[in-house]
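Only one structure is covered here, and it is reproduced in the block below.
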Amino acid sequence: MGNCIVPYCDGPKSTNVRFTLPAVCFVWQSAMIILFGVFVRYDEESDPYWVEFKAKKNITSDSENDFYYRYPSFQDVHVMIFVGFGFLMTFLKRYGFGAVGFNFIIAAFGLQWALLMQGWFHFLDPVDGYIKIGIENLINADFCVAGCLIAYGAVLGKVSPVQVMVLTLFGITLFAVEEFIIISLLHAKDAGGSMVIHAFGGYYGLAISWVLYRPNLKDSSQRNGSVYHSDLFAMIGTLFLWMYWPSFNSAISDHGDGQHRAAINTYLSLAATVLTTFAISSLFQKHGKLDMVHIQNSTLAGGVAVGTAAEFMLMPYGSLIVGFFCGVISTLGYIYISPYLEKRFKIQDTCGIHNLHAMPGVIGGIVGAITAAAATEPVYGKEGLINTFDFTDSFKNRTPAVQGGFQAAAMCVAVCFGIGGGIFVGLILRMPIWGSMADDNCFEDEVYWEVPEEDEPVPPVLEYNNHMATNKNVTESHFTVEQS
Amino acid sequence: MGNCIVPYCDGPKSTNVRFTLPAVCFVWQSAMIILFGVFVRYDEESDPYWVEFKAKKNITSDSENDFYYRYPSFQDVHVMIFVGFGFLMTFLKRYGFGAVGFNFIIAAFGLQWALLMQGWFHFLDPVDGYIKIGIENLINADFCVAGCLIAYGAVLGKVSPVQVMVLTLFGITLFAVEEFIIISLLHAKDAGGSMVIHAFGGYYGLAISWVLYRPNLKDSSQRNGSVYHSDLFAMIGTLFLWMYWPSFNSAISDHGDGQHRAAINTYLSLAATVLTTFAISSLFQKHGKLDMVHIQNSTLAGGVAVGTAAEFMLMPYGSLIVGFFCGVISTLGYIYISPYLEKRFKIQDTCGIHNLHAMPGVIGGIVGAITAAAATEPVYGKEGLINTFDFTDSFKNRTPAVQGGFQAAAMCVAVCFGIGGGIFVGLILRMPIWGSMADDNCFEDEVYWEVPEEDEPVPPVLEYNNHMATNKNVTESHFTVEQS
Amino acid sequence: MGNCIVPYCDGPKSTNVRFTLPAVCFVWQSAMIILFGVFVRYDEESDPYWVEFKAKKNITSDSENDFYYRYPSFQDVHVMIFVGFGFLMTFLKRYGFGAVGFNFIIAAFGLQWALLMQGWFHFLDPVDGYIKIGIENLINADFCVAGCLIAYGAVLGKVSPVQVMVLTLFGITLFAVEEFIIISLLHAKDAGGSMVIHAFGGYYGLAISWVLYRPNLKDSSQRNGSVYHSDLFAMIGTLFLWMYWPSFNSAISDHGDGQHRAAINTYLSLAATVLTTFAISSLFQKHGKLDMVHIQNSTLAGGVAVGTAAEFMLMPYGSLIVGFFCGVISTLGYIYISPYLEKRFKIQDTCGIHNLHAMPGVIGGIVGAITAAAATEPVYGKEGLINTFDFTDSFKNRTPAVQGGFQAAAMCVAVCFGIGGGIFVGLILRMPIWGSMADDNCFEDEVYWEVPEEDEPVPPVLEYNNHMATNKNVTESHFTVEQS
């Protein structure tokens, strides 16, 4: 919009991030280089000493390198993070660049920071003090990033890129602490991260959105919606999330049956969710018409809710039941709960993450706790029970019932970290230094992006040229476009 | 379309699916839960008893779990089903939601039903009577669903979501019976499903479309075409189908050389198809311009036609020959055969599945029969011949020539099931209870979807705001848009 | 545009490819069939004699078939070639068909020709004289094609499909020779092809573009830009390239630690690039607004630049440093160098491949040379050093320092082949027989494609119908559209 006389960014609320954004990017990226230099090295499977390591451990084949087990799932998760989350948020008519672009930078920064944070908590080599990274760390970093991307969904279109970076910095940090408490201290299992990722990320985002409440957001309401093609772009995100969710829930499971079972359970739960989402979407609309918002989002709720229990003996029908109810609850959430939360609690949740992540995440935690508490040796086998719940070392004497209790405790930790952390970070983000936009300029890419000028029909130049050759009688409208 | 006075759905032909669609979804999904509860369990590779199973079978490494062999291919096939088929059908200017959305529900319901149907025919555990599922079943279910999605292509834009569900219910059932006859009884090989999936699915859809003939479909002809961006969305589908087709044709092959060879053959056939498709598309258009319909569809025909013989010793040049001719035939099909079928046989084939699936599927069956009949021990090796054609147990004495005969018979079975089943299901779908639309409302998402209101250029609000600050002389047109 | 009186293609510069394009496609595809028939067979891992081969080599498990190691990476690379490169180039408002369509035919033809060319140089069986192909060849063919697709980026929108085929024919040939010199003769390592693919492809394209200089290209400048949705389509390409780049750089590494390490290094380098790209993009624009051109392209430069050294002990922080600087340099390239090259050197580079491929490729070659020269036994281990640099057979006595010298020499070979080959091919492409368009018709799909007629808002037909029933007062504009 080069011909603006009064530049947009010089109004009472400056959205010019020309110095803050580059400063944050350069300083933080430089810090990453230094911290990686001091702390991070390759693990033994990605180190040239692998030859010696193999010999020592009596590994005969390179196919035993974790890389070959986990790389395909890693890439699926990677696609979910960048294309899945990125395009799912492109549904807004004028916020596609911000959706996919800020999603990109959150993820790119977040995964570096996550490698460090998770490394410090989980992967420090006791001998030399280095964080040793391999394929499993890359997957975990993607998981960690997912929590922040979920939170971004709640504030989509209402924050500046600098705020987004701050949200990520603290989000990753909180995640790493929360994960350490849940996985290492409580020894809870959470294969697909229903609690660790979705419940935490969901409440983190909702709390931030609550603190950043915008009273006059209705002034931007004409852009808080979709157009035909933006809904199709969003479906790209939906489908890649939906298809690869079995990889997500099984990516860091132990090799063998647990990983296999996690994929099957997730596949089935997601399938059931689709049918009940369509059903509720049609049932609650006048004339029975389907709503793309539900199809784009609620169809995924089954994957969230089956996350914790995916490795367990949930049974195929159990997965279908979980998916069935999550489709119903999530869609009803979009119809009833989101408007209520906005009106009553002043929580403005752009993507409806409460219905797709927070609520299903809590359900997933509960399902996980029940399934764990109900585990028995006849169902799992003696070794299978130990393998599945990792009842080894200092947790050797834990029983399924006790495990169920710790699973429930873990869920509370996730929710508390989400809400508490979100309020804290929200307050930081309220400082007027981050270049946020005014309430009437939300959901608009032009605030932070160079947007191509026109959206009018492109003039059919060739035809025009041909007409020119034979016939001077060209329509006025074409001329107007050409000359502009 | 909130301001319609006369609601669309109250016309002489009601398209209101507010009760039928939810009813079908809820009842069928509940039935799935019950049937899965009664019949379906994890197989030994996805069961915690895997530890014991491994020990018993002397398996030393978890990498021998079928999951690691098949999961990457499974995910590729999964992407083809949901993104490939879904986006390929988004080419219509006003039917993107229906394309990708109804594709989604067909697949989500179909794969559950397929797990049961295929399970009953192929995977019943003789000891305890349960269907034991693992990664191979998930792939097979995706294959089964592919048949119905192909059929959906023929009736795209002309059926209600309830009809789509009925089409799927019967389609999966017919598929399972047909597959049992072809694979188990006739012992025909069909790695990529040229016969089982494409010929069956193609003729099933064409027969349904023939029974559901709409005499006044020309009243919807203004929407039976693409716009610029819808053609690009469709190319997403085309490319994911094209790229992952080697996975499709090799996904359920036996481990080792057969799977490897199937991928190579498919890759080569598809490459050749692209060149001849471009050639014919340009040659048969005035001024030599290329037609996106051909590029989107006919480039895939080589993958279909190489399906049956993909595992066989088709040889690299043989694959290229198959691809060469299929590109030609399929593109000519779009130019000449489809209009002829519509005019002469009253078969309205929205996506041209006759050219992409039915015809190439039959060609694939013939190529398979010939390649099988021509198999010799010098080419395959003694063990290789037995492995490739599975000449074991009760088929120990079968010769390649006899196998060729059974392959040909299998193709006839597939075509007959397709046509017969399609006519039967078509008659069911003609009942006036399914909420189908009138002939002049076809290819229109608004019938079953809440569609965002505008498609006009989005008002550049920021510039508008800036103008407002400095200059009251804003163009009228912007105002109009803002206020609407 | 059926209603043109004077057909577009009959102007002074004929763009009618109705005979040349089909002729090229048919003749070349037929030649492929003959050459494959004479030269190409399955390798031992994709041949039914695999059973005997396994026994002979004492391979106990089918999972040792290279197919299972390499297929997932192969598919990722395949997606980069077709969807990544294809959609990355859809950013132009009126050249989406040409971007994704011509990318398709380049790749489909190129990979067949590459299988032959690379086969003759690298994979000829000394016993029977056949080229034996398997999964590794398919990956290499995709790599080879990548060089031509990069070159296509420089001339995007300015060449005819026939020129594109010629560019590919020579590009693949030059690539195969250059690769043979670099990999086999100089014994340089280039896992991700920074030199072999990116530097060569980049300079090849730039040299062609230089020879094909169009003095009046400004007459097409109104189409040499993006619209809102075309930028989102391009982001699909960007993200799939970005996500799968670790597969690209590790796809043909030796099994084990090298492959694992290459993926990690690429992942980290790319992450760092994103942050510095955002930083520079914002810093150098008025008002700090981000530019989609930079986000779409420069974020990938880190993957290019880490290609050669990806297998080496670059260290995690080293990868971040490479990514950091490439993001900066590439973005500055788009801002300053590209306009300068166009103005001063008359190099019109549509996609800015100089900034994304040529420059980062050279940087990658330098980084690789330095890292190789700096390799020491304590860091790699005795066997690790030999494995990583393949210091075996006739290269047994090579030292890291010497290797570094050969790496540097390799880079010069790549650049020289690119520039020299590009000038040669550019001169061929200047012949007036290829159906190229005039300067004022560049960047326009209509020249070679049937483009759907309208881009105006689609009439909301249902509402219109309803209105008709109750109220005859329909807006004129709707009528106009309906009747057209």
Side-chain angles (χ1 to χ4, degrees), chain A residues 7 9 16-18 21-22 25-26 29 32-33 36-37 40 42 45-52 61-63 65 67-68 71-72 75 78-79 82-83 86 90 96-97 100-101 104-105 108-109 111-112 133-135 138 229 233 448-452 455 457-458 460-463 466 469-470, chain C residues 1 4-6 8 63-64 69 72 76 93-94 223 225-229 231-232 235 239 242-244 247 255-257 259-261 263-264 267 271-272 274-276 278-279 282-283 285 287-292 295 313 316-317 320-321 324 380-381 383-384 387-388 441 444 446-447 455-456:
Chain A
C9 44
N16 193 330
V17 293
R18 188 171 175 184
L21 181 60
C25 288
F26 277 128
Q29 187 57 55
M32 288 299 127
I33 291 174
F36 270 67
V40 180
Y42 303 112
E45 298 197 323
S46 54
D47 189 281
Y49 279 98
W50 163 247
V51 194
E52 280 87 346
S61 157
D62 273 325
S63 70
N65 191 310
F67 183 74
Y68 300 99
Y71 192 75
Q75 275 296 359
H78 218 41
V79 171
F82 289 88
V83 165
T90 58
F97 293 4
V100 85
F104 199 6
I105 196 169
F109 166 64
L111 57 86
Q112 297 178 58
I133 63 170
I135 186 74
L138 307 192
H229 280 164
F233 278 114
Y448 303 111
W449 296 86
E450 297 284 335
V451 175
D455 255 308
V458 178
V461 175
L462 290 178
E463 185 181 16
N466 292 333
T470 53
Chain C
M1 292 306 169
C4 292
I5 294 164
V6 180
Y8 164 78
S63 70
E64 296 301 307
Y69 280 98
D76 293 351
K93 64 182 82 167
R94 290 288 294 177
R223 288 185 307 277
S226 64
V227 289
Y228 194 69
H229 280 164
D231 270 329
L232 282 177
M235 278 305 288
L239 289 177
W242 196 93
M243 297 179 303
Y244 287 161
S247 302
H255 303 321
D257 62 286
Q259 204 155 18
H260 201 151
R261 193 162 57 249
I264 295 172
Y267 175 94
V274 174
L275 268 81
T276 52
F278 270 78
S282 174
L283 192 61
Q285 300 282 335
H287 313 315
K289 291 189 184 183
L290 298 158
D291 189 327
M292 277 306 259
I295 309 307
M313 285 297 279
Y317 65 87
L320 292 180
I321 292 171
F324 186 102
Y380 288 79
E383 281 205 69
N387 279 355
T388 304
N441 281 320
E444 172 60 58
E446 266 201 75
V447 182
D455 256 306
E456 71 263 3

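Bear in mind the structure is a predicted one, so any value in this text is a computation, not a measurement. FYI, side chains are in, hydrogens and waters are out, and symmetry mates aren't considered; it's all heavy atoms of this structure. Each chain gets a letter, A, B and so on, in the order its sequence line appears, and its residues count up from 1.
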> So Asp291(C) and Trp449(A), side-chain contact (heavy atoms from CB on, under 4.5 Å) or not? Walk me through it.
Replying inline: CA-CA 6 Å; Asp291(C) 189 327; Trp449(A) 296 86; over 6 Å; no
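- The closest side-chain donor-acceptor pair between His255(C) and Asn65(A), if any, does not fall under 3.5 angstrom.
- The candidate with the highest count of non-hydrogen atom pairs below 4.5 Å against chain C, out of Gly96(A), Ser46(A), Gly134(A), Gly101(A), is Ser46(A).
- Between chain C and the options Met32(A), Glu52(A), His78(A), Gln75(A), the largest number of non-hydrogen pairs under 4.5 Å is found for Gln75(A).
- For chain A, the option among Gly384(C), Ala263(C), Ser247(C), Gly225(C) with the highest count of heavy-atom pairs below 4.5 Å is Ser247(C).
- Only the side chain of Glu64(C) comes within contact range of chain A, judged by heavy atoms closer than 4.5 Å.
- Using a 4.5 Å cut-off between heavy atoms, Gln112(A) touches chain C through its side chain atoms alone.
- In terms of non-hydrogen atom pairs under 4.5 Å with chain C, the most contact-rich of Val79(A), Ile135(A), Thr90(A) is Val79(A).
- Using a 3.5 Å distance cut-off with no hydrogens or angles, the side chains of Gln259(C) and Tyr68(A) do pair a donor with an acceptor.
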> Given Tyr49(A) and Tyr380(C), is the ring pair (Phe, Tyr, Trp, His ring centres under 6.0 Å) satisfied, shown in steps?
Replying inline: CA-CA 6 Å; Tyr49(A) 279 98; Tyr380(C) 288 79; 9.1 Å; no
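- Using a 4.5 Å cut-off between heavy atoms, Phe82(A) touches chain C through backbone and side chain atoms alike.
- Phe324(C) and Phe26(A) have tilted rings, their planes meeting at an angle from 30° to 60° on a 0 to 90° scale.
- Classification of the Phe67(A)-His260(C) ring pair by plane angle, with boundaries at 30° and 60°, yields tilted.
- The candidate from Tyr69(C), Tyr244(C), Tyr317(C) with the greatest count of non-hydrogen atom pairs under 4.5 Å with chain A is Tyr69(C).
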